[in-house]
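Only one structure is covered here, and it is reproduced in the block below.
Fair warning: this is a prediction, and the values are worked out from it, not measured in the lab.
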Amino acid sequence: MKRPIIIHPDPRLKKVCTPVDDLSDDLRTLADDMLETMYDAPGIGLAAPQVGILQRLIVLDCVKEEGAAPRPLVMFNPEVVASSDETNTYEEGCLSIPDQYGDVTRPKVVDVAWMDADGKLQSETFDGLWATCVQHEIDHLNGKLFIDYLKPLRRQIITRKMVKLKREQARA
Ligand SMILES: [Zn+2]
């Protein structure tokens with residue numbers, strides 16, 4: 001089931017989310033719903049606070065090649081355990097900040113550990129777009145948005161546009 005995506009600014013997007021101790025069927029359903037919501041948007045990543053759930057859960061799939069098999073990843077309690085000195089700059093966007101983009105510089109390669117939907121511990125090294133995406137999503141769990149990396153004026157302009165968008169949506 002698709003879930004509505006919260007649009008910035010919203011206090012729920014600024015909160016530090018709580019770790020998942022016990023995997024439940026509700027949380028597995030939430031992960032499935034988040035993947036469906038992400039693919040439908042379409043996007044390459046989604047964090048639980050973006051659908052109003054303040055728990056440490058993200059989903060992502062950065063496979064972009066036409067016709068390539070999808071690779072949905074569900075990560076509970078994801079954590080960057082090591083990151084490269086080498087950086088990468090990508091023009092990032094966010095499903096909670098529609099149609100706004102900005103260059104963000106992050107470590108190019110990261111080692112990430114997480115718990116999968118079966119409760120098993122996993123770890124993997126991510127590079128390129130996957131590395132950027134997983135860091136962007138983990139930021140969400142700490143109440144941080146990609147616009148927080150931009151210059152204050154740019155951030156203000158984007159936030160004002162979002163306030164206006166939400167006003168228009170509320171009226172519609
Ligand atoms: Zn985002």
Side-chain angles (χ1 to χ4, degrees), residues 1-64 68-80 90-102 104 112-120 122 124 126 129-149 155 158-172:
M1 188 188 73
K2 258 177 39 173
R3 304 206 182 197
I5 297 174
I6 291 170
I7 303 298
H8 164 76
D10 187 294
R12 288 168 289 181
L13 296 175
K14 305 301 292 177
K15 295 272 198 295
V16 176
C17 298
T18 52
V20 174
D21 296 326
D22 270 316
L23 275 183
S24 60
D25 285 344
D26 280 355
L27 281 168
R28 289 192 188 91
T29 302
L30 171 64
D32 286 343
D33 287 353
M34 284 170 57
L35 279 169
E36 191 182 337
T37 305
M38 177 191 83
Y39 285 125
D40 180 75
I44 58 172
L46 190 68
Q50 293 180 276
V51 293
I53 308 292
L54 299 182
Q55 301 211 60
R56 302 189 81 83
L57 164 62
I58 63 173
V59 299
L60 63 158
D61 183 350
C62 300
V63 173
K64 276 187 128 181
R71 194 190 173 215
L73 283 178
V74 172
M75 298 183 175
F76 294 94
N77 305 330
E79 224 176 302
V80 174
Y90 267 105
E91 190 177 56
E92 294 190 20
C94 181
L95 294 177
S96 291
I97 311 174
D99 301 321
Q100 304 298 319
Y101 303 92
V104 179
V112 178
W114 72 93
M115 180 172 69
D116 68 17
D118 298 319
K120 288 203 192 85
Q122 303 280 351
E124 189 171 327
F126 294 100
L129 180 61
W130 283 89
T132 287
C133 181
V134 75
Q135 291 175 84
H136 173 122
E137 300 311 329
I138 291 173
D139 272 354
H140 273 297
L141 305 181
N142 296 318
K144 192 162 185 178
L145 302 171
F146 85 88
I147 55 170
D148 295 329
Y149 293 91
R155 184 162 64 238
I158 290 176
T159 299
R160 248 178 250 143
K161 279 187 188 159
M162 291 301 104
V163 169
K164 194 164 164 249
L165 174 74
K166 288 174 80 166
R167 215 184 290 139
E168 283 164 7
Q169 282 179 347
R171 234 184 265 138

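For the salt bridge (charged side-chain N to carboxylate O under 4.0 Å, His left out) test, residues two or more places apart in sequence or in another chain that qualify with Lys14 are Asp148. Considering only residues two or more places apart in sequence or on other chains, Asp99 meets the salt bridge (charged side-chain N to carboxylate O under 4.0 Å, His left out) condition with none of them. Taking the salt bridge (charged side-chain N to carboxylate O under 4.0 Å, His left out) definition, one finds that Asp116 meets it with nothing, sequence neighbours left out. Scored by the side chain to side chain donor-acceptor pair (under 3.5 Å) test, Asp22 finds no partners at all (sequence neighbours excluded). When the side chain to side chain donor-acceptor pair (under 3.5 Å) test is applied to Tyr101, no partner is found at least two apart in sequence or on another chain. Under the side-chain contact (heavy atoms from CB on, under 4.5 Å) criterion, Pro11 pairs with Lys15, sequence neighbours left out. With sequence neighbours left out, the side chain to side chain donor-acceptor pair (under 3.5 Å) criterion links Arg12 to Asp10. For the side chain to side chain donor-acceptor pair (under 3.5 Å) test, residues two or more places apart in sequence or in another chain that qualify with Thr159 are His8. Here Arg3 pairs with Asp33 under the salt bridge (charged side-chain N to carboxylate O under 4.0 Å, His left out) rule; sequence neighbours left out.
The two atoms that bring Asp118 and Leu23 nearest to each other are C-CD1, 4.1 Å, heavy atoms only. In this structure, Pro78 and Val112 approach most closely via the heavy-atom pair CB-CG1, 4.4 Å. Shortest non-hydrogen contact noted between Leu57 and Leu27 is CD2-O, 4.3 Å. Across Pro72 and Asp61, no two heavy atoms sit closer than the pair N-OD2, 3.6 Å. Heavy atoms only, all atoms of each residue included: Ile58 and Met34 are closest at CA-CE, 4.2 Å.
A side-chain donor-acceptor contact under 3.5 Å links Thr18 to the backbone of Leu54. Asn77 places no side-chain N or O within 3.5 Å of a backbone atom of Pro19 that could act as its donor or acceptor partner.
Residue pairs meeting the side chain to side chain donor-acceptor pair (under 3.5 Å) criterion with at least one member in residues 133-145, sequence neighbours excluded, are Arg56-Asn142, Glu92-His136, Arg106-Asp139, His136-His140, Asp139-Tyr149. Among residue pairs with one or both ends in residues 69-80, those qualifying as salt bridge (Lys or Arg N to Asp or Glu O under 4.0 Å) are Arg71-Glu124; sequence neighbours excluded.
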Working for side-chain contact (heavy atoms from CB on, under 4.5 Å), residues Leu73 and Gln122: CA-CA 11 Å; Leu73 283 178; Gln122 303 280 351; over 6 Å; no
Trace of the side-chain contact (heavy atoms from CB on, under 4.5 Å) decision for Gln50 with Leu13: CA-CA 7 Å; Gln50 293 180 276; Leu13 296 175; 4.2 Å; yes
Decide side-chain contact (heavy atoms from CB on, under 4.5 Å) for Tyr39 and Ile44; before the verdict, give the C-alpha distance in whole Å, the side-chain angles of both, and the deciding distance to 0.1 Å. CA-CA 7 Å; Tyr39 285 125; Ile44 58 172; over 6 Å; no
Could you go through Met75 and Leu60, starting from their C-alpha distance and side-chain angles, then the distance that decides it, and tell me whether this counts as side-chain contact (heavy atoms from CB on, under 4.5 Å)? CA-CA 8 Å; Met75 298 183 175; Leu60 63 158; 4.0 Å; yes
For residues 165-172, please give each side-chain donor-acceptor pair under 3.5 Å, one per line with the distance, not counting sequence neighbours.
| unit_1 | atom_1 | unit_2 | atom_2 | d |
| --- | --- | --- | --- | --- |
| Lys166 | NZ | Ile7 | O | 2.8 |
| Lys166 | NZ | Pro9 | O | 2.6 |

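The CD atom of Gln55 sits 10.0 Å away from atom CG of Asp26, with the distance rounded to the nearest 0.5 Å. Rounding to the nearest 0.5 Å places CZ of Arg160 at 12.0 Å from NZ of Lys164. Rounding to the nearest 0.5 Å places CD1 of Ile158 at 5.0 Å from CD of Gln100. The CZ atom of Phe76 sits 7.0 Å away from atom CG of Leu30, with the distance rounded to the nearest 0.5 Å. The distance from the CG atom of Asp25 to the OG1 atom of Thr29 is 6.0 Å, given to the nearest 0.5 Å. Taking CD1 from Ile6 and CG from Leu95, the interatomic distance works out to 12.5 Å, rounded to the nearest 0.5 Å.
Side-chain contact between Thr132 and Val104 is absent, with no heavy atoms from C-beta onward closer than 4.5 Å. Using a 4.5 Å heavy-atom threshold, the side chains of Phe146 and Ile97 count as touching. Within the 4.5 Å cutoff, no side-chain heavy atoms of Ile5 are placed close to those of Pro98.
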